[in-house]
Amino acid sequence: MTLEQQLSHYVGAAVKALYGIEADEKQIQLQKTRAEFEGNMTVVVFPFVKAARKAPQMVAQEIGEWLMANSQQLIAKYNAVQGFLNLSIADAWWIAQLGAIHADPAYGTWPANNRLMMVEYSSPNTNKPLHLGHVRNNLLGYSIAKIQEANGWKVVKTNIVNDRGIHICKSMLAWLKFGQGETPESSGKKGDHLIGDYYVRFDVEYKAQIKQLMAQGMDEDTAKREAPLMKEAQAMLLKWEQGDPEVRALWEKMNNWVYAGFDETYRRLGVAFDKIYYESNTYLEGKKEVERGLQEGIFYRRADNSVWADLTGDGLDEKLLLRQDGTSVYMTQDIGTAKLRFKDYPIDKMVYVVGNEQEYHFKVLSLLLDKLGFPFGKELVHFSYGMVELPNGKMKSREGTVVDADDLMDAMVRDAKEIARDKVNTLPDITEAEADEIARKVGMGALKYFILKVDPRKNMLFNPDESIDFNGNTGPFIQYTYARIQSVLRKAGDSVIGSRFSVLGSGLSVIGLEEKELTLIQRLTEYPAAVRQAGEDFSPAQIAAYAYNVACDFNSFYHDYSILNEEDPAKRSLRIVLSDCVARVIGSAMSLLGIEMPERM
RNA sequence: GGUUCGGUAGCUCAGUUGGAUAGAGCAACAGCCUUCUAAGCUGUGGGUCGCGGGUUCGACUCCCGCCCGAAUCACCA
C-alpha cells in the first residue's frame, strides 16, 4: 500500500470519528509538503471545515491529534498552518521503504498487463536525410515505447517507410540526368545524404525550367505543370506503378542506399524497431479496403471516377480516397497499413507518433477505420507533438534551413569531448577509447535530454548559434550525478553487500534520518507513480523532470554529508545503500528516455 | 473565416485532478575545492502568469469575451 493510500485511510477514519463525515476520495486531498514547512505529506483540510463547523486551523489540529493517537506510529509529528495539516512520517517507515526499493531489482516498473500496444514512429520519406524534426519524433517514439513497457504493456515498435511516390521519382530522375553514376562508395557520402542532394538538385533544375517557361510568356501554374522535368517524373511514377523493371531496379538500388544511411542514423540515435512496414507494400491493401468500402456503400464514386468518403455527418468534410486515375493517396495507404498491422499482431492499442500538423488526417483516419468495421479505429491514439522551430521559423528542407540529424549528433559529441578534455583526462587509467565512449554518451545525453524535457505537445525552439548546455538542468548534469555515485560505490567496494543487512535487517528504528536523507528517500518512493503518470500522459518530459529532481536532491545531500567518511557505521551503510538506490533509479529513469549512463565522467 | 493547440522572469522551459509567499536552468553578480568527481553546492537580483470579466474559503489552473502566435481545413505526404 502506498503512503497516500495509508494516509487517505487514516484521514478518512479521523474525519468520520471527529465529525461524522463520510469523506470520499475527492475530499481527502494529500500533497507533498512544501519545502518551507516541516513535514513530508500535507492534508488540505478545507473540504472538512464546513461540516466540522470550526476554523480551519482547529480542524487541522484535531485531525493531527487524532492521527498521532491512531496511526500506529506511522505519523511521528504534525503541525497545523491555517488549513494545512503537515505530517511527518516516522523514520522507521522511510527506512523500511528504502529497504524495499533496494531489494527490488525492477523498482519503478509495473506488472505486465497482458495487452499489446503498437507504437509507430519515425516514418521517414526515402528522398532525404533525417533532420532535427525527425530526431524529436524518433526520441519521443522510442521513449514512449520504453515508458509504456515500464507500465506493463507489451510494446511493438514499428516504422512505416514512405518509399514510393512522386518525391522519390524526383530524386531518381535527377540522379539519372545529373549523377553520372555517383554512388555512396564513389562519393564517400552517406546514402541518404546522396539521395537528398539529388532531391534538392531536382528542385533547382525544375525551378530553372519554370522560370524559363515563364520568360517565354507562360503563366506560373501552367509552367509548373508543363515543365519537362515534372512531366518526366510523373511518367516515371507511372512506370513504377506498372512495374517497369528498369525503374523498379533503380528504385530499389537508390532506396537501399537510403536505408543504409538511415540505419546508421538510427543506430547512433539509439532507436530501433521490431517491425518495419513499407508503403510500397501496403498501398495496394489500402486500395482493396477502399474498393470494399465502395461496394458496401460506405464510400461513393463521383462522375469523374474518383472515390470519396462523406464525413459531413461527423462534422468533417468529404475526403478523397482514390484519384480519378485510380492511384492512391496518403489516407488510402494508412488504411492499408493499419489493416496489415492488425492482421500481424493482436493489437489492443495503436499509437501514432506524428506531428501535430497531421491532426486532421488522424481524425479522418480514425473515422474511416471505424466505418470500415475495424474495432480499433475509434480508439487509435494520435500522439501529436509540436514542431521544432528555428529562431527564424520552421525548418524547410528545400530552402536548406534544416538542422541535419547526423551533423547535429557529430557536433554534440564533439562539444562533449571538448568540454571534457581537462576533466576526463584526470580520471585514472583512462584510455582514448573510453574517453570517446564517454563523450558519445554525454553528447547524446545532452541532445536527448534537451529535446525530451520539453512537453511534447508544445512547439520548441532550437537555436543553432547557441550550443546545447552541459550544465544545469541537462542530461550531463544527471549523468554526472550517476557517475559520482558509481565512483563512491567503487570505493565502498564489497561493504555495500554487507551493509545492506546490518542497516536494513536490524534495528530499523535506532537510526534517525537526516533531513536530506529523508528527502531523497521520499523522492525515490515517488518513482513508480511518476512512471505511471508519464505513461498515462505519454510524457517523457515528466520522467526527465523526475530524474532531474532526484539528481538535485542527491547533489545537495552529497554536498552536505559524507558517505564513506561517516564514522557511524550504521549511518555510513545507510548512505551507501541510499546512494546505490539513487543511482539505480536515475539510471532506470534515464533509460526510459533512451539516455545511457557513463560509469565515470 | 471554422476547428485545434499554445501565450508564465531578458532567454529556454516546469507548474499532477483548483491549494500555502508562482519555480528551475541559462545569462548577470557574490561566495565554496588540504575531505567520497566543482559537468557540483550556496546566495543575490529578475514576474501585471497575454488582457478583461465571472465561479469560491482559495484561480497560472475552471467558465465567458477579447488580443497575439502556430497548425490545419489539398486529387501533398
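For A:Lys363, counting side-chain heavy atoms from C-beta on, the closest listed nucleotide (B:A20, B:U3, B:U37) is B:U3. Of all nucleotides listed (B:G19, B:U42, B:C36), B:G19 comes nearest to the side chain of A:Phe46. Among the nucleotides B:A22, B:A39, B:U37, the one closest to any side-chain atom of A:Val442 is B:A39. Distances were taken from every side-chain heavy atom of A:Gln324 (C-beta onward) to each of B:C75, B:U37, B:G19; the shortest belongs to B:C75.
For the residue pair A:Tyr277 / A:Gln333, no side-chain donor-acceptor distance below 3.5 Å is found, with atom types taken as modelled.
Side-chain atoms of A:Lys26 stay outside donor-acceptor range of the base of B:U17, with no qualifying N/O pair under 3.5 Å. Below the 3.5 angstrom threshold, one finds a donor paired with an acceptor across the side chain of A:Asn86 and the base of B:A20. At a cut-off of 3.5 angstrom, the base of B:C75 holds at least one donor-acceptor pair with the side chain of A:Asp304. Judged by distance alone, with hydrogens and angles left aside, A:Thr474 brings no side-chain donor or acceptor close enough to the base of B:A39 to form a pair under 3.5 Å.
Remark: C1' of B:G7 and CZ of A:Arg457 are 14 Å apart, rounded to the nearest angstrom. Protein atom NZ of A:Lys453 is 12 Å distant from nucleotide atom P of B:G15, rounded to whole Å. Counting to the nearest Å, the P atom of B:C26 and the CG atom of A:Asn471 are 7 Å from each other. A straight line from NZ of A:Lys319 to P of B:A77 spans 10 Å, rounded to a whole angstrom.
Glycosidic conformation, B:C60: anti, with the torsion outside 90° of 0.
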Checklist entry - What would the secondary structure line of RNA chain B be in dot-bracket form, counting Watson-Crick and G-U wobble pairs under 3.5 Å, with [ ] for pairs that cross earlier ones and | for pairs with another strand? => result (((((((..((((.....[...)))).(((((.......))))).....(((((..]....))))))))))))....
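When the C1' atom is used for both B:A30 and B:G46, the distance is 16 Å, rounded to whole Å.
Residues from residues 325-337 of chain A with heavy atoms under 4.0 angstrom of RNA chain B, sorted by number: A:Val329, A:Tyr330.
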